[in-house]
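Worksheet: one structure, shown below.
Reckoned from all heavy atoms, side chains included, excluding hydrogens, waters and symmetry mates.
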Amino acid sequence: MTLWTVLALAAAWWIWRHHRTRPRTGAGASAAARARQLRTPLVRLADAVGLQTRAGRQARNCEAGAIGEKRAAARLAPLARQGWTLRYDLALPPGEGPANVDGLAISPNGNVFVLDPKMMSRHYPVTVRVGRVWHGDRDVTRRITSARDEAAAVSRALGVPVTAIVAIEGAPLVGPHGRPTAELGFRGVRIVPANVLPAVLREAARIPGQRRAADLVATADCVLPPYTRR
């Protein structure tokens, strides 16, 4: 082993150790934390010399997911000035599984939404066909229906209906006749382009919800704590 290899390993270990021990919360926090966990010193060294590894690919996917979640949070920031409550990267209540909620939006009149931003390549469309959701030729059904499961868990915790919305960043949406569409629906999940998510939320919240927003926020802050990873 050469001196340069030893130095590279030492530097990679220090970076990994330094970043993995700093807890973070907020939009994209869990995805970014998972990427840091995957980028061990050996993975960083492999990246540096151009070697492709499974952990490296997974880390890049997690980093892309974190970017998509942060972009969605930036787009939604104006809603907070209009009385909306926005929470990001929340843990589900005990017994509801290990998944986290990427985004939770509560409108001023008491509507509740679980938000699931997704970064997908713009080179392939998102479609719904033969009972599945596809990104190009890749079956992404489970990535979509996970939002429905999270919304159901939040609904049980808050005692009100919760709408699941998947916001797609990058990939176009294509309808059943091969034409671009503004929205897709799949098993109770609304699939929309990320850039129209604020408008979709405003429109969906025109009808008042079943509970006061202040009560929902108080309950959510108690039963849906930040999902913090190191």
Side-chain angles (χ1 to χ4, degrees), residues 23-34 62 65-119 142-169 185-192 194 196-230:
R24 295 169 172 83
T25 59
S30 293
R34 180 57 180 157
C62 290
I67 290 171
E69 292 173 33
K70 290 176 182 178
R71 287 181 181 176
R75 286 193 175 98
L76 295 175
L79 292 181
R81 297 190 289 271
Q82 298 168 11
W84 288 67
T85 297
L86 304 169
R87 298 285 188 267
Y88 299 102
D89 202 32
L90 304 176
L92 291 174
E96 293 288 2
N100 67 305
V101 174
D102 289 340
L104 179 73
I106 301 176
S107 71
N109 61 355
N111 288 276
V112 184
F113 305 88
V114 160
L115 311 176
D116 192 358
K118 300 290 186 189
M119 284 279 285
R142 183 54 194 157
R143 294 184 65 189
I144 301 302
T145 57
S146 62
R148 177 198 60 195
D149 298 338
E150 293 157 15
V154 173
S155 177
R156 288 189 289 270
L158 300 184
V160 296
V162 175
T163 301
I165 301 180
V166 172
I168 304 295
E169 181 87 38
F186 185 76
R187 299 180 185 175
V189 179
R190 298 183 65 179
I191 307 170
V192 303
V196 301
L197 180 57
V200 168
L201 288 172
R202 291 189 189 98
E203 179 64 25
R206 294 178 65 183
I207 300 175
Q210 296 182 2
R211 292 179 60 188
R212 293 176 59 249
D215 295 337
L216 289 167
V217 172
T219 303
D221 286 343
C222 287
V223 301
L224 302 171
Y227 187 88
T228 303
R229 282 187 176 180
R230 292 182 178 269

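Between the CG atom of Leu224 and the CG atom of Asp89 there is a distance of 12.0 Å, given to the nearest 0.5 Å. Rounding to the nearest 0.5 angstrom, the gap separating the CZ atom in Arg71 from the CD atom in Glu169 is 5.0 Å. Distance check, rounded to the nearest 0.5 Å: CG of Leu104 to CG of Leu86 gives 8.5 Å. To the nearest 0.5 Å, the span separating CG on Asn109 from CZ on Arg206 amounts to 11.0 Å.
Scanning all heavy atoms of the two residues, the minimum distance from Arg75 to Ala194 falls at CD-O, 3.4 Å. Annotation for Pro108 and Ala213: closest pair O-CB, 3.5 Å, computed over non-hydrogen atoms. Looking at every heavy atom in both residues, Arg156 comes nearest to Glu96 through NH2-OE1, 2.8 Å. In terms of heavy atoms, Ala204 sits closest to Asn111 at O-OD1, 4.2 Å. Across every non-hydrogen atom of Arg190 and Thr163, the tightest pair is CD-CG2, 4.2 Å. Counting all heavy atoms, side chain and backbone alike, Ala164 lies closest to Ala151 at CB-CB, 3.8 Å.
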Item to check | Test side chain to side chain contact (heavy atoms under 4.5 Å, CB included) applied to Leu201 and Trp84, step by step | outcome: CA-CA 10 Å; Leu201 288 172; Trp84 288 67; 3.7 Å; yes

Next on the checklist: Apply side chain to side chain contact (heavy atoms under 4.5 Å, CB included) to residues Arg202 and Leu79 and explain how you reach the verdict.
Outcome noted: CA-CA 9 Å; Arg202 291 189 189 98; Leu79 292 181; 3.5 Å; yes

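The side-chain heavy atoms of Ser155 and Val160, taken from C-beta on, include no pair separated by under 4.5 Å. Side chains of Thr145 and Val189 form no contact here, defined as non-hydrogen atoms less than 4.5 Å apart. Two residues are said to be in side-chain contact when any heavy atoms from C-beta on lie closer than 4.5 Å; Pro161 and Gln210 meet this criterion. A heavy-atom distance below 4.5 Å is not found between the side chains of Phe113 and Leu197. Using a 4.5 Å heavy-atom cutoff, the side chains of Val223 and Leu158 are in contact.
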Distance-only check: which donor-acceptor pairs under 3.5 Å involve side-chain atoms of residues 215-222, not counting sequence neighbours?
residue	atom	partner	partner atom	Å
Asp215	OD1	Arg212	NH1	3.0
Asp215	OD2	Arg212	NH1	3.3
Thr219	OG1	Arg211	NH2	3.3
Thr219	OG1	Asp215	O	3.0
Asp221	OD1	Arg87	NE	2.9
Asp221	OD2	Arg87	NH2	3.2

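Between Asp149 and Arg142, at least one side-chain N (NZ, or NE/NH1/NH2) sits under 4.0 Å from a carboxylate O, which counts as a salt bridge.
Here the options are Asp102, Val154, Ile165, Val166, the test is side chain to side chain contact (heavy atoms under 4.5 Å, CB included), and the partner is Val114; only Val154 passes.
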